[in-house]
Amino acid sequence: MLNEKVASLLNEQINKELYSAYLYLDFSLFYDSKGLDGYANWYKIQAQEERDHAMLILEYLKNNGEKITLEAVAKPDKTPNTLMDPLKMALEHEQYVTSLINNIYGEAYSVKDFRTMQFLDWFVKEQLEEEKNSEDMITKMELFGSDSKGLYMLDSEFAARVYSAPSLTL
């Protein structure tokens, strides 16, 4: 059995990850409406990743005999207007998710829940990657996005992204 507070935070994180999937699916639809299929593809795949993060946490809780309570997933609360908006919103959101993961990790540490800490190590590394990807996308948009040929090349680059499920084993 997990510590009650740790289990509760993990259960809440399932909902947060599903919200992230909704948010990124919304960003995908935004870019789709702008004719940027590559950006739409990138965020659609990002939504799949976030859904898988929720499933990893769900399986971890299940494997530890914990009751899982699914809550309603909130509608995305961010409305992009410019091509840069989703990129900046995504970075802000990933920084928020990092703080949530760090909070859970800190709680697990405080009760010496080494198994959960080890499980969360993957998420800590993943958040570094998520923030770096967001920062890189912003930098590229700042450098090349105002030029139609540059934007076309970026869109083509993001169209090449393919989905690969997380390799974390429980």
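When reading the values below, keep in mind they use all heavy atoms of this one structure, side chains included, and skip hydrogens, waters and symmetry mates.
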Using a 4.5 Å cut-off on heavy atoms from C-beta on, say whether the side chain of M117 contacts that of D113. no
Spatial distance of atom CD (E130) from atom CD (E94) [nearest 0.5 Å]: 4.5 Å
Intermediate values then yes/no, side chain to side chain donor-acceptor pair (under 3.5 Å), Q46 and E50: CA-CA 6 Å; Q46 195 62 27; E50 302 301 338; 3.1 Å; yes
Assigning hydrophobic clusters by single linkage (Ile, Leu, Val, Met, Phe, Trp, Tyr; side-chain heavy-atom cutoff under 4.5 Å), is V124 placed with L91? yes
Of all the heavy-atom pairs spanning A40 and D32, show the shortest one and how long it is. CB-N, 3.8 Å
Does Y109 belong to the same Ile/Leu/Val/Met/Phe/Trp/Tyr cluster as L9, with side-chain heavy atoms less than 4.5 Å apart forming each link? yes
CG-CG distance between L10 and L120, expressed to the nearest 0.5 angstrom: 6.0 Å
Any donor-acceptor pair under 3.5 Å from D85 side chain to P80 backbone: no
Do I57 and F119 have side chains that get closer than 4.5 Å, going by heavy atoms? yes
Tell me, please, which residues at least two apart from L25 pass side chain to side chain contact (heavy atoms under 4.5 Å, CB included). A47
So, the side chain of S8 versus the backbone of E4: is there a donor-acceptor pair under 3.5 Å, distance only? no
Consider only side-chain heavy atoms of I, L, V, M, F, W and Y, link residues closer than 4.5 Å, and tell whether L29 and M137 are in one cluster. no
Salt bridge D121-K125, side-chain N to carboxylate O under 4.0 Å: no
May I have the step-by-step check of side chain to side chain contact (heavy atoms under 4.5 Å, CB included) for E59 and N63, ending in yes or no? CA-CA 6 Å; E59 287 298 319; N63 289 343; 4.3 Å; yes
Chi angles and distances behind the side chain to side chain contact (heavy atoms under 4.5 Å, CB included) call for E142, M84: CA-CA 8 Å; E142 288 172 342; M84 180 65 86; 3.5 Å; yes
Partners of K5 by salt bridge (charged side-chain N to carboxylate O under 4.0 Å, His left out), sequence neighbours excluded? none
Contacts of type salt bridge (charged side-chain N to carboxylate O under 4.0 Å, His left out), residue E71, not counting sequence neighbours: none
Answer whether the closest heavy-atom distance between the side chains of V97 and E17 falls below 4.5 Å. yes
Once you round to the nearest 0.5 Å, how far does CZ of F30 lie from OH of Y39? 11.5 Å
Separation of I138 CD1 from L143 CG (nearest 0.5 Å): 12.0 Å
Minimum side-chain heavy-atom gap K67-N11 below 4.5 Å: no
Verdict with reasoning, Y19 to D77, per side chain to side chain contact (heavy atoms under 4.5 Å, CB included): CA-CA 10 Å; Y19 172 82; D77 62 349; 2.6 Å; yes
Roughly how far apart are M141 CE and T82 OG1, rounded to 0.5 Å? 8.0 Å
Non-neighbouring partners of R161 that pass salt bridge (charged side-chain N to carboxylate O under 4.0 Å, His left out), sequence neighbours left out: E49
Would you call T69 and I14 a side-chain contact if the rule is heavy atoms closer than 4.5 Å? no
My understanding is that only residues two or more places apart in sequence, or in another chain, count here; which of them pass salt bridge (charged side-chain N to carboxylate O under 4.0 Å, His left out) with K16? none
Does the Y31 side chain pair with the main chain of L83, one donor and one acceptor, at a distance under 3.5 Å? yes
What are the two closest non-hydrogen atoms of D26 and K78, and how far apart are they? OD2-O, 3.9 Å
Roughly how far, to the nearest 0.5 Å, is CG of N3 from OG of S110? 7.0 Å
Determine all donor-acceptor pairs shorter than 3.5 Å in which one atom belongs to a side chain in residues 147-154; sequence neighbours excluded.
residue	atom	partner	partner atom	Å
D147	OD2	K149	N	3.3
D147	OD2	G150	N	2.8

Count I, L, V, M, F, W, Y as connected when their side-chain heavy atoms are under 4.5 Å apart, and connections chain through other members. Are M1 and L61 then in the same cluster? no
Shortest non-hydrogen separation from A7 to L2 and the atoms involved: CB-CB, 4.1 Å
Intermediate values then yes/no, salt bridge (charged side-chain N to carboxylate O under 4.0 Å, His left out), D136 and K132: CA-CA 6 Å; D136 289 350; K132 178 77 168 105; 2.8 Å; yes
Nearest heavy-atom contact between F123 and L56 is CZ-CB, 4.1 Å
Ignoring hydrogens and angles, state whether a donor on the side chain of Y60 or T116 is under 3.5 Å from an acceptor on the partner side chain. yes
For residues L58 and I68, report the shortest heavy-atom separation together with the two atoms involved. O-CD1, 3.4 Å
Any non-hydrogen side-chain atom of E129 less than 4.5 Å from a side-chain atom of N133? yes
Do L87 and Y43 come within less than 4.5 Å of each other through their side chains, counting heavy atoms only? yes
Write down the atom of S20, the atom of H93, and the distance for their closest heavy-atom approach. OG-NE2, 2.6 Å
